[in-house]
Undergrad: 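Sharing a structure, written as structure tokens. Questions coming.
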Amino acid sequence: MRYYSTNRQVPEVSYEDAIFNGLPDDNGLYMPDHIPKLSAEFFENIGDMKLHDIAYEVASQFIGEEIPEADLRRIVEETLSFELPVVEVEDKVYSLELYHGPTCAFKDVGARFLARCLSYFSAKSDKKSTILVATSGDTGAAVGSGFFGVENIDVIILYPKGKISKIQEQQLTTFGQNIQALEVRGTFDDCQKMVKDAFLNKELKEKYNLTSANSINMARLIPQSFYYFWTYALLKDQGDLVVSVPSGNFGNLTAGLLAQKMGLPVKQFVASTNVNDIVPSYLTTGEFTPRPSTSTISNAMDVGNPSNFYRMKEVFGSSWEAMKEGVKGYAYDDKQTAETVKQVYQATDYLLDPHGAVGYLGLKEYMKDHKGSVGVFLETAHPAKFGDVVEPIIQQPVEMPERLAEFAKRTKVATEIDATQEELIKILEKA
Ligand SMILES: *Cc1c(COP(=O)(O)O)cnc(C)c1O
């Protein structure tokens, strides 16, 4: 498989180059040169297949010969070393719980796969690289955990000061060793821009062998498609599948669209956002208008310039009409989100986190007029990660999984910097 840039100003590259480059030099995004179709036989048997076998089949379509079968099977198994339960919340409404990994958010899936792919190629060539990653909360922890102790790879995490939850901050500032945290005086968009600008600076990129672990990296996207197949395998006999994806940078949704293009029978995708509704507005108006992000209680989705939008465009052949058919978009404010957490908890005993609640709302809105389908929303983080938001809503303590409680006990180590390129360069020089 070859990967092209959505801006089409640079040559196609291998999977290895695509994941080490992260971002193509023309500031586009890598996309596979064709989207492989899985066989009819695969879909006939999928109900009897194990998660790891499904995931391997999907991964091998994108990676081809570049990673031999035995290594790719190992990478897939190590990536998904935890469960992905699909839990019934109400009749025909299911939660795909993606938070059973080490940092309690779905980003573990992409980060663990990326870390293992990079480390596979690094071991072969013995090259050293530095991962730069901007985080709105959960990515930093997942990437830190995925790369912790990995040889030849240093990680620098940029996060917006005061704009992530306490436990998220504890997670990403307490790894030590090859993982460094930068507390940036600015927003997530500032952090993302600093990382992007560093990659666009050719000299800097080469000098420090910079690589990106953000959701723009293809190796983050590919494994996120696994769980759409898995969900289908579990629910396929229950009706037309509708999937609602609580979205920020739209990596998760894009991975779902790729799965659908590979032949996965998803009837409808729903893009659910908080008030940072750039994509839902695009679907309504045809105008893509990025703007500074607004802080919300679903902070991992506070994104004002969703980077995977250009990949979504590619999937739909740049047609707005096609995209608005393929994806329905809905946006919700904090009040609606909080009320939903409360109501669903009272009615069903199921505790949503604020991101999952946004996904639930979008799913229900679509399903109102589409009876007979079976709906799934992605539960992207454990509610205890957002205890400071969730506890006052349900007026009860939220039990913290042991692995989260561990992070809370450690000591924060972060370097505070201004949101400028000069400051970031100073850090790189010291590293
Ligand atoms: C990152 C994140 C999202 C948004 O995912 P995208 O792929 O960026 O759209 C949603 N929920 C949680 C908990 C997240 O960490």
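Bear in mind that the values here come from a model prediction, so they are computed numbers and not experimental data.
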Undergrad: Do Asp388 and Lys166 sit within salt-bridge range, that is, some charged N less than 4.0 Å from a carboxylate O?
TA: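 Lys166 and Asp388: not salt-bridged.
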
Undergrad: State plainly whether the residues Arg8 and Asp26 are in salt-bridge range, i.e. N to O under 4.0 Å.
TA: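 The answer is no: the pair does not qualify as a salt bridge.
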
Undergrad: Any donor-acceptor pair under 3.5 Å linking the side-chain atoms of Lys385 with those of Gln171?
TA: yes

Undergrad: State, with a plain yes or no, whether a side-chain heavy atom of Ile131 is found less than 4.5 Å away from one of Ile157.
TA: no

Undergrad: Look only at the side chain of Asp189 and the backbone of Ser293, and say whether a donor-acceptor pair between them is shorter than 3.5 Å.
TA: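 Answer holds: yes.
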
Undergrad: Is it the case that the ring center of Tyr282 lies less than 6.0 angstrom away from the ring center of Phe309?
TA: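 Yes.
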
Undergrad: Would you say the side chains of Ser272 and Ser244 form a donor-acceptor pair under 3.5 Å?
TA: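 Distance-only check passes for Ser272 and Ser244.
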
Undergrad: If you look at every heavy atom in Trp320 and Leu283, which pair is closest and at what distance?
TA: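 What the structure gives for the nearest pair is NE1-O, 3.1 Å.
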
Undergrad: So, does Asn299 use its side chain to make a donor-acceptor pair with the main chain of Ile164 at under 3.5 Å?
TA: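 No; judged by distance alone, with no hydrogens or angles, the pair does not exist.
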
Undergrad: For Val93 and Glu88, what are the C-alpha separation, side-chain angles and deciding distance, and is it a side chain to side chain contact (heavy atoms under 4.5 Å, CB included)?
TA: CA-CA 6 Å; Val93 173; Glu88 187 170 25; over 6 Å; no

Undergrad: Main chain of Thr130, side chain of Asp154: is a donor-acceptor contact present, judged purely on distance under 3.5 Å?
TA: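 Between the backbone of Thr130 and the side chain of Asp154 there is no qualifying donor-acceptor contact (under 3.5 Å).
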
Undergrad: Under a 4.0 Å threshold between the charged nitrogen and the carboxylate oxygen, would Arg73 count as salt-bridged to Glu69?
TA: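 Yes, charged N to carboxylate O under 4.0 Å.
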
Undergrad: Does Asp333 offer a backbone N or O that forms a donor-acceptor pair with the side chain of Asn274 under 3.5 Å?
TA: no

Undergrad: For the NZ atom of Lys193 and the OG1 atom of Thr187, what is their distance to the nearest 0.5 Å?
TA: 11.0 Å

Undergrad: Quick one: are Thr289 and Ser281 in side-chain contact, heavy atoms under 4.5 Å?
TA: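 Side-chain contact under 4.5 Å: no.
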
Undergrad: Which heavy atom of Cys117 sits nearest to which heavy atom of Ile19, and what is that distance?
TA: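 Heavy atoms only, the tightest pair is CB-CD1, 3.7 Å.
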
Undergrad: Passes side chain to side chain contact (heavy atoms under 4.5 Å, CB included), Val358 versus Phe377? Steps please.
TA: CA-CA 9 Å; Val358 170; Phe377 61 95; over 6 Å; no

Undergrad: Side chain to side chain contact (heavy atoms under 4.5 Å, CB included) between Val245 and Phe250: does it pass, once the steps are laid out?
TA: CA-CA 9 Å; Val245 187; Phe250 284 79; over 6 Å; no

Undergrad: Report yes or no: does His355 contribute a side-chain atom to a donor-acceptor pair with the main-chain N or O of Ala300 at less than 3.5 Å?
TA: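 Pair found, side chain donor or acceptor close to backbone of Ala300.
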
Undergrad: Looking at Phe20, is Lys127 sitting on its ring face, NZ or CZ under 6.0 Å from the six-membered ring centre and within 45 degrees of the normal?
TA: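 Lys127 over Phe20 ring: yes.
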
Undergrad: Verify, without hydrogens or angle tests, whether Gln9 (side chain) and Asn7 (backbone) share a donor-acceptor contact under 3.5 angstrom.
TA: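 Yes, because the side chain of Gln9 sits within donor-acceptor range (under 3.5 Å) of the backbone of Asn7.
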
Undergrad: For the residue pair Leu80 and Ala55, what are the closest heavy atoms and their distance?
TA: CD1-CB, 4.0 Å

Undergrad: Do Asp71 and Arg74 pass the salt bridge (Lys or Arg N to Asp or Glu O under 4.0 Å) test, and can you show the C-alpha distance, the side-chain angles, and the key distance before you say yes or no?
TA: CA-CA 5 Å; Asp71 290 297; Arg74 174 187 53 79; 3.7 Å; yes

Undergrad: Could you walk me through whether Ser122 and Asn152 pass side-chain hydrogen bond (donor to acceptor under 3.5 Å, both in side chains), step by step?
TA: CA-CA 7 Å; Ser122 284; Asn152 289 329; 5.6 Å; no

Undergrad: Going through the checks in order, is the side-chain hydrogen bond (donor to acceptor under 3.5 Å, both in side chains) test met by Arg311 and Asn308?
TA: CA-CA 5 Å; Arg311 283 195 170 117; Asn308 282 293; 2.8 Å; yes

Undergrad: Can a salt bridge be assigned to the pair Lys163 and Asp302 using a cut-off of 4.0 Å between side-chain N and carboxylate O?
TA: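 Salt bridge absent between Lys163 and Asp302.
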
Undergrad: Which atoms form the tightest heavy-atom contact between Arg112 and Ser81, and what is the distance?
TA: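 Nearest pair, atom of Arg112 first, then Ser81: NH2-OG, 3.0 Å.
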
Undergrad: Looking at the rings of Phe288 and Tyr310, which for Trp means the six-membered one, are their centres under 6.0 Å apart?
TA: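 Yes, close enough.
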
Undergrad: Ring centroid separation for Tyr99 and His382, is it under 6.0 angstrom?
TA: yes

Undergrad: So, taking the atom named CG in Asn252 and the one named CG in Leu98, what distance separates them when rounded to the nearest 0.5 Å?
TA: 6.5 Å

Undergrad: Could you check whether His370 and Tyr366 have their ring centres less than 6.0 Å apart?
TA: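 Yes.
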
Undergrad: Is the distance from the ring center of Phe269 to that of Tyr228 below 6.0 Å?
TA: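 Distance test on ring centres: under 6.0 Å, yes.
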
Undergrad: Looking at every heavy atom in both Gln61 and Met1, which two are closest together, and how far apart are they?
TA: O-CE, 3.5 Å

Undergrad: With rounding to the nearest 0.5 Å, note down the distance linking OG1 in Thr231 to CG in Leu264.
TA: 8.5 Å

Undergrad: Should the pair Glu90-Lys364 be classified as a salt bridge under the 4.0 Å nitrogen-to-oxygen rule?
TA: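 Salt bridge: yes.
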
Undergrad: So, Glu314 side chain and Met31 main chain: donor-acceptor pair closer than 3.5 Å or not?
TA: no

Undergrad: NZ of Lys92 to CG of Leu363: how many Å apart, nearest 0.5 Å?
TA: 12.5 Å

Undergrad: Would you call the rings of Tyr3 and Tyr15 parallel, tilted or perpendicular if under 30° counts as parallel and over 60° as perpendicular?
TA: tilted

